[in-house]
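Only heavy atoms go into these numbers, but all of them, side chains included; no hydrogens, no water, no symmetry mates.
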Amino acid sequence: MLLPIAGWALWQTGMGVMLLLGMDVKWFALTGVLVPFSLFLMHREAGIFDFRSISIPGLWYWTYLLFVLVPSLAAYRIEAGNHPDRFMASVLSALLTVPLGIVIGNIACRSRAGTVKAYYERPIQISPADFRSFGVLMVLGVCIILAVNHVREVSTVPLVYMIQNPGAAAQMNALREDSLKELDSNFAYVYDVLAKVFFPLLVMITGMRFMFVKTNVNRAMAIGTFICALLYCAMTLEKSPVGLAILCLAIAAYFKRRGRLTKAAILIPIALFAFPLIVFLFQTSNTAKSTQQNLFAAIGGRLFYGGAQVLFYYFDLVPDVLPYQNGATIGKFAMIMGMQPSKIANYVGLRIDPTLPKTVTANAAFLGTLYVDFGMTGVVLGSILTGIIMAVVQQYIIRRPKTLMSFCIYGFVMIKMTLLNIAALPYVLMSGGILIAIVPLVAGDLLGTRQRRRAGFGRQRSLNTARRTVIERSLRQPL
């Protein structure tokens, strides 16, 4: 009970500070009304104040408040553009529409309060398959082969160039684009998924294996996988895959300690910010930009304000500058419907800063593409659908037997769902890796169903044979 009260007091204090800084009064009042009701609804449906048993919707909700809602209040006041009220209304509407979708999803799945907490408290079913090294080594080997092939296809590795040429920021950015978006390779999509799905998931699995069964083999696999993941994810100078690998290891430790944090938890944010800090220092080495003020603006501003700023300009461009896209932001859907895929992310990036590379992409929270495609109707209905998907995916995972693999998948999906605050829903589900991660669970269910059917068919045949034997014996007996 004390946590909700403390959270309410902290929120009101923050809102008071925002009002003193010049926040619009009408949005201040509406936010002050919606947030407490939203907190109550989310705690009832997703247990957001149970910090020792964080739910998938719960982690998304806290990151939404921190990285979307609060910065949006500042963006509304700072940025200038078309439809700022639509922008703010959409951001606030998600406080109700997404929880409403979670309610619908929980009802559809017949979920009861406390199911997530019960899942955390349930012991892990130790399966021999969870601790066989052959399967993990085989997957890791394939990932390493693909990573080496990626290095071979890149003319100059951005990470190596950065170390050898400090201060050459423009060349580093160009090499990063060449190794990612502009890479002429049939495996470009595979490399992207490799860095953002497979390596982070392997880090979590091998880390959990070692934490639960501390053998030399598991230790070597955990350390080796983590090093390989860091080197490959850092190769292109892209920051998010490195942070994702570190976060996966942190979540594994969180699961092992049953949600209890120690003083070592302070190392997590330090590790998350370490690589962006290193890249910034190398890029600005021996230049006037290498100052403490520019450092905080580059890292802190992009992390806490950049997402809201980008989202603001999605509403600014559509429909005054660009028409509604009608689903063209969903690449595969656009191809099926014969439409030209939308370049809204590129337009927004150049709208914010025309000096950026022409290939820049500025991805926004899921609200941005919902609005760009279908307007305010898309924002409302799409947010409800997002909540339903969160609830259904969570219930699907926690209703499976709690094995080491399924627990890792739960943690990975929990992290990935927070990407909704910086990316579109279809991307998070597909390329983001949520559907890829639950494939083993779906395959296990299908295999188990097939085995049960075979067993049932075998028992039916045995029963029919026994019945025939009894009938034949009875017929042979004299009347």
Side-chain angles (χ1 to χ4, degrees), residues 46 53-60 102 105-106 108-112 115-140 142-143 193-194 196-209 211-212 225 244 247-249 251-252 254-256 385-420 425-455:
S53 53
I54 299 177
S55 64
I56 291 174
L59 185 60
W60 166 82
I102 294 171
N106 285 340
C109 296
R110 298 180 180 179
S111 174
R112 297 179 180 179
T115 53
V116 175
K117 187 175 182 180
Y119 177 73
Y120 272 83
E121 294 174 350
R122 201 191 314 166
I124 294 178
Q125 298 180 13
I126 301 299
S127 170
D130 287 335
F131 296 97
R132 290 173 186 160
S133 300
F134 176 75
V136 177
L137 285 174
M138 183 174 65
V139 175
L140 180 60
V142 172
C143 290
V193 174
L194 188 65
K196 297 177 181 178
V197 179
F198 285 103
F199 266 121
L201 188 55
L202 282 171
V203 166
M204 182 176 284
I205 292 172
T206 55
M208 287 274 283
R209 281 163 53 103
M211 291 176 193
F212 278 89
T225 302
L244 179 61
L247 200 54
C248 282
L249 190 62
I251 290 294
Y254 169 84
F255 285 162
K256 172 60 178 175
L385 177 62
T386 300
I388 293 173
I389 292 173
M390 281 188 199
V392 171
V393 169
Q394 175 172 267
Q395 291 301 318
Y396 179 77
I397 297 175
I398 67 177
R399 290 185 179 185
R400 308 275 80 72
K402 186 182 176 182
T403 62
L404 186 74
M405 176 68 72
S406 67
F407 205 19
C408 287
I409 292 173
Y410 178 86
F412 182 78
V413 171
M414 182 170 65
I415 295 172
K416 281 293 185 175
M417 202 65 80
T418 63
L419 290 181
L420 287 169
L425 176 62
Y427 173 84
V428 173
L429 294 177
M430 301 296 295
S431 300
I434 289 180
L435 295 182
I436 296 174
I438 64 176
V439 163
L441 299 182
V442 176
D445 285 347
L446 294 176
L447 183 62
T449 301
R450 187 176 181 181
Q451 290 176 344
R452 286 192 296 271
R453 286 179 179 176
R454 285 183 175 181

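Of all non-hydrogen atoms in Ser53 and Tyr120, the two that sit nearest each other are CB-CD1, 3.4 Å. When all heavy atoms of Tyr410 and Ser55 are compared, the pair lying nearest together is OH-CA, 3.3 Å. In plain terms, the two heavy atoms of Gly432 and Lys416 that are nearest each other are O-CE, 2.8 Å. Across Gln125 and Pro401, no two heavy atoms sit closer than the pair OE1-CB, 3.7 Å. Residues Val413 and Ile438 share a closest heavy-atom pair of CG2-CG2, 4.2 Å. Across all their heavy atoms, Lys256 and Met211 have their closest contact at CE-O, 3.3 Å.
Taken from CD1 in Ile389 to CD1 in Ile102, the straight-line distance is 11.5 Å, to the nearest 0.5 Å. Taken from CE in Met208 to CG in Leu404, the straight-line distance is 5.0 Å, to the nearest 0.5 Å. The OG1 atom of Thr386 sits 4.5 Å away from atom CG of Leu425, with the distance rounded to the nearest 0.5 Å. With rounding to the nearest 0.5 Å, the separation of CE in Met204 from CG in Leu244 is 8.0 Å. How far CD1 of Ile409 is from CE of Met414: 13.5 Å, rounded to the nearest 0.5 Å. To the nearest 0.5 Å, atom OG1 of residue Thr206 and atom CG of residue Leu201 are 9.5 Å apart.
Using modelled atom types, no side-chain atom of Gln395 and backbone atom of Cys109 make a donor-acceptor pair closer than 3.5 Å.
The aromatic rings of Tyr119 and Phe407 sit perpendicular, their planes meeting at an angle over 60°, well past the 30° parallel limit.
The side-chain heavy atoms of Phe198 and Val142, taken from C-beta on, include no pair separated by under 4.5 Å. Side-chain contact between Thr115 and Gln394: absent, with no pair of heavy atoms (C-beta onward) separated by less than 4.5 Å. With a 4.5 Å cut-off on side-chain heavy atoms, Ile205 and Phe412 do not count as touching.
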Report task. Take Phe255 and Ile124 through the side-chain contact (heavy atoms from CB on, under 4.5 Å) test and state the conclusion after the steps. Result -> CA-CA 11 Å; Phe255 285 162; Ile124 294 178; over 6 Å; no
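Looking at residues two or more places apart in sequence or on another chain, you find a ring pair (Phe, Tyr, Trp, His ring centres under 6.0 Å) between Phe199 and Tyr232.
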